[in-house]
Each structure stands twice: as C-alpha cells, then as structure tokens.
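Data first, discussion second: the structure below is written as structure tokens.
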Protein chains: 2
Amino acid sequence: MGRIAASQNGSKKEAITSKAAALFIRKGFSSTSMRDIADAIGVEAPSLYNYIRSKNDLLEEVCFQVADRYLQHLKLVESSRAGHLGRIESIIRFHITMMIQEFDSSYLAEHEWIHLPAPLLADFKAQRKNYRQRVAAIVRKGIDRKEIRRIHPDVAVHTMLAAIQGIEGWHRSGRKLDPATLEDNMVQFLINGLKK
Amino acid sequence: MGRIAASQNGSKKEAITSKAAALFIRKGFSSTSMRDIADAIGVEAPSLYNYIRSKNDLLEEVCFQVADRYLQHLKLVESSRAGHLGRIESIIRFHITMMIQEFDSSYLAEHEWIHLPAPLLADFKAQRKNYRQRVAAIVRKGIDRKEIRRIHPDVAVHTMLAAIQGIEGWHRSGRKLDPATLEDNMVQFLINGLKK
DNA sequence: CCTACCGATCGGTAGG
DNA sequence: CCTACCGATCGGTAGG
C-alpha cells in the first residue's frame, strides 16, 4: 500500500499544484480561493488539505522549484568554455524557453513570489539577487574582454530579463506568434543591443 | 461653501487614491483591504466612502488616467517631424520617465488592471492593444525606410516596453542607481538593438 | 474524500 | 467623520 499510495498522492499533489498555478496566473494569488482551486479539480475545498498543508505551500513549491532550475542552468553556463556574449545568449535563450514551455510556474516565480510568507520571502529575494549578480558578472567580463559594448552591467541584466519576463503579457493575451519567431527576434534584438 | 468643499473633497480624494496606489503596489490589489487604506490615511474604513464609490473605483481612476497620458504623448510623436528611430526613442524615453516619476500609477496601470471590473476591463485591453499597434506601425515604417533593422515589429514593441515596465522590480528592491544612468543605459541598449 | 463548521476578515451600508 | 453592523467569503479544522 505504501508505495502505490505515495505515488498516487504525488500525482494528485502535482495536479493540484498545476491547477493552482494556472489560477494564480489568471486571477492573482490573493484573488484565488481554495474553493476556486477545489472547483477546478472537482472536489470540495477541505479535501485539498489531504495533499497540501496550506495555500502558501502551493506558491512556495512552485517558486523555489523554478528558481532552482534557473540556478542549475546558470552553473552550467558558468563552467562552459563559451565566450561571454555566447554565455549571455545561452541565458537569454534559456529564459525565453522557460517562459514559453514552463509558462505557468515561470510566471509565478517572477510575479507572485511577493506573497510568500515571511521567512521564505527573504530567502527567495536573496536567491534572486545572487542570480542576477552572477549574470551581471558575466556581462562585466564581456565588457572587459571587448566582446560586449560598454554598458552598466546591472542595467543590461535588468533590461534583458525584464523583456523576457514580459512574455507573459504576450502569452496571456493569446497572441498567435510561433515560439521560434518570438525567440529568434528577441534574441536578435537583445544580443544586437549588447554587441560591440 | 460649495467651491471650497469641492476642492477639499478633490484633494482628499487624491490623497486616498495616492495612498491606495502605494498599497496596491506593495501588497497587490486583492491583498489590500479598505481597512489598510483607511489606516494609512488615519480614518476608519467607512469614512472612505464619502470620497470614493468603491475599491474598484480607485483602480479604475488610476489605470485610465495613466493610459490617457501615454496616448497623448503618442499622438504628439505621431504628428512630429522626427525620423522613425527618433520617434521610437522618444517613446522609450517617455515610458522610462513615467516609470520613474509616476511610478505608482504606471505600475498599477501595467500590472493590476487585470482586477478592473467586467466592462472596463475590455475597454482597457482594447486601448492597450491599440496603443501597441500604433507603436508597432512606427517600427514597421522605420524598417521600410531602412532606419531600423529588420525585426518583427510586434516583438520589438513588446521587448522594449516589457523591459521598461520591469523597472518596477528595480524600484521596488530599492536599487540606488540614479535615474539618468538608468535611462541612458537602457535607451542605448534598446536603440542599439534596433539600429541598422 | 465528505459535511459541518470555526473565527477572521472582507467590501460596503445605515444612521447619525 | 464615526459606531455599529450586514451578508459573503476567506483559509483552515474536526470528525468521520
């Protein structure tokens, strides 16, 4: 019983998390009630608590999972042998891909983490700051090595990441632009803005 | 009595709107209660209803006021004699200035309009779409006249406006970067990405 | 997984 | 501008 029950609980929890993520995006975290989530799943609200501990739990899970995936990719890039502009392009492409393929969780990790409860909020902010500083360090080195034009590294990082985050607005309004065109044009725009 | 009372009501309403805007930004629209707003002003919640009709009213006011300011500027740009890249630069600078100087309302008009009640939501979305299409038309003409590099106009518009919107994250985290440096570096980055 | 229900809090109204 | 209060809804618990 143990193993099967555990795996059933796992998939049920995933189903709840994914439905919740979709609702958090559409209506915002605070405007989404546990009743809304329960309705979407087809159960009564109290039944959700067999799988999750709290509403905040749902948000926490999504936010930290996504943050970790970005960090893993950054580590890969940092230890690669690519040039600095190439590293930045790899990061840009990864962010775009995540935003398109893992839209729901990426959006939440980017826009709804403000609602994380007190101790986790500080953790998340620190992780975020650390990530951006490491990307900015790559830009700085690229400038030193004359691969990237002179620009304030923090402004550069902010500009490119914000542009990519904003894909959510695109996605939400149901634009019918194929992902490859979106990615190629955006990468071209941003890399060209950085190139010497 | 009429005139004075009217002007007092006006300024009081402005005070409420501005406090509300600040709270909507910090906590989100749904997480901000009328009690929160009343506390910030120093009155009891029911007293607010002498000046505003509803919570949605506060949001509506801010969103449409800001949208109108952007539209007015766009009209100026459209009827100017500047080149197309110059027009885009003017739009970029206006957006950045608004984001820095009118941060609270700009943020709300950009991120919290989803909470507008039913009939207004559609209006707002239509206005937004129209605005972006007109900016994209400028990009398209710039490409035709070889002032701007070949790029998907919608992607270009989205990328630059999203990058600017994202200044809020910057602002919120209390980065100490002077506005001029931010503006100059971001404009350089974006215009360079578009230039031939 | 349900019914029944809790205390808290919500936006807003009545009446002064 | 207040007190007093409304009906609705919230996240979550008890108990089965």
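Within residues 16-27 of chain A, no residue has any heavy atom under 4.0 Å from DNA chain C.
Contacts of A:Ser31 with the nucleic acid, taken as non-hydrogen atoms under 4.0 Å apart, are absent.
Scanning for side chain to side chain donor-acceptor pair (under 3.5 Å) contacts around B:Glu78 gives B:Arg134, with sequence neighbours left out. Under the side-chain contact (heavy atoms from CB on, under 4.5 Å) criterion, B:Glu168 pairs with B:Met99, B:Phe103, B:Tyr107, B:His111, B:Arg172, not counting sequence neighbours. Residues meeting the side-chain contact (heavy atoms from CB on, under 4.5 Å) test with A:Asn56, sequence neighbours left out: A:Phe29, A:Ser54, A:Pro117. For B:Asp68, the side-chain contact (heavy atoms from CB on, under 4.5 Å) partners two or more places apart in sequence, or in a different chain, are B:Gln72. For B:Gln188, the side-chain contact (heavy atoms from CB on, under 4.5 Å) partners two or more places apart in sequence, or in a different chain, are A:Arg149, A:Ile151, B:Asn185. Residues passing the side chain to side chain donor-acceptor pair (under 3.5 Å) test with B:His152, sequence neighbours excluded: none. Checked against side chain to side chain donor-acceptor pair (under 3.5 Å), A:Ser105 has no partners two or more places apart in sequence or in another chain.
The shortest distance between the side-chain N/O atoms of A:Ser33 and the OP1/OP2 oxygens of D:dC10 is below 4.0 Å. Between B:Tyr49 and C:dA14, a side-chain N or O to OP1/OP2 separation shorter than 4.0 Å is absent.
Following rounding to the nearest Å, B:Lys13 (NZ) and D:dC1 (C1') show an atom-to-atom distance of 18 Å. Summarising the geometry, the separation between CG on A:Asp39 and P on D:dG11 is reported as 12 Å, rounded to the nearest angstrom. For the pair B:Lys55 NZ and C:dT13 P, the interatomic distance rounds to 15 Å; values are reported in whole Å. Atom CG in A:Leu48 sits roughly 10 Å away from atom P in D:dG11 (whole-Å rounding). At whole-Å resolution of the value, CG in B:Asp57 and P in C:dG11 are 14 Å apart. For A:Ile52 and D:dG12, the CD1 to C1' distance is 10 Å, given to the nearest whole Å. Atom pair A:Asp36:CG and D:dA8:P shows a separation of 18 Å (rounding to whole Å applied). Atom-to-atom, CD1 of A:Ile37 to P of D:dT9 comes out at 17 Å; the value is rounded to the nearest Å.
Pairs of residues two or more places apart, or lying in two chains, that qualify as side-chain hydrogen bond (donor to acceptor under 3.5 Å, both in side chains) and include a residue from residues 119-129 of chain A are A:Glu110-A:Arg128. Contacts classified as salt bridge (Lys or Arg N to Asp or Glu O under 4.0 Å) and involving residues 34-48 of chain B (residues at least two apart or in different chains) are given here: B:Lys27-B:Asp36.
The nearest pair of heavy atoms linking A:Trp113 to A:Leu121 is O-CD1, 3.5 Å.
Heavy-atom nearest nucleotides on DNA chain D were determined for A:Thr32 and for B:Ile41, and the one closer to the 5' end corresponds to B:Ile41.
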Checklist entry - Could you spell out the base pairing of DNA chain D in dot-bracket, with Watson-Crick or G-U pairs whose two distances are under 3.5 Å, [ ] crossing and | to another strand? => result ||||||||||||||||
Output one line per pair: protein atom, nucleotide atom from nucleotides 2-6 of chain D, and distance, for all N/O pairs under 3.5 Å.
from  : atom 1 : to      : atom 2 : distance (Å)
D:dC2 : OP2    : B:Glu44 : N      : 2.8
D:dC2 : OP2    : B:Ser47 : OG     : 2.5

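In summary, the side chains of B:Ser47 and B:Asn50 do not present any donor paired with an acceptor at a separation below 3.5 Å, with no hydrogens or angles considered.
The distance from atom CG of A:Asp104 to atom CG of A:Leu23, rounded to the nearest 0.5 Å, is 9.5 Å.
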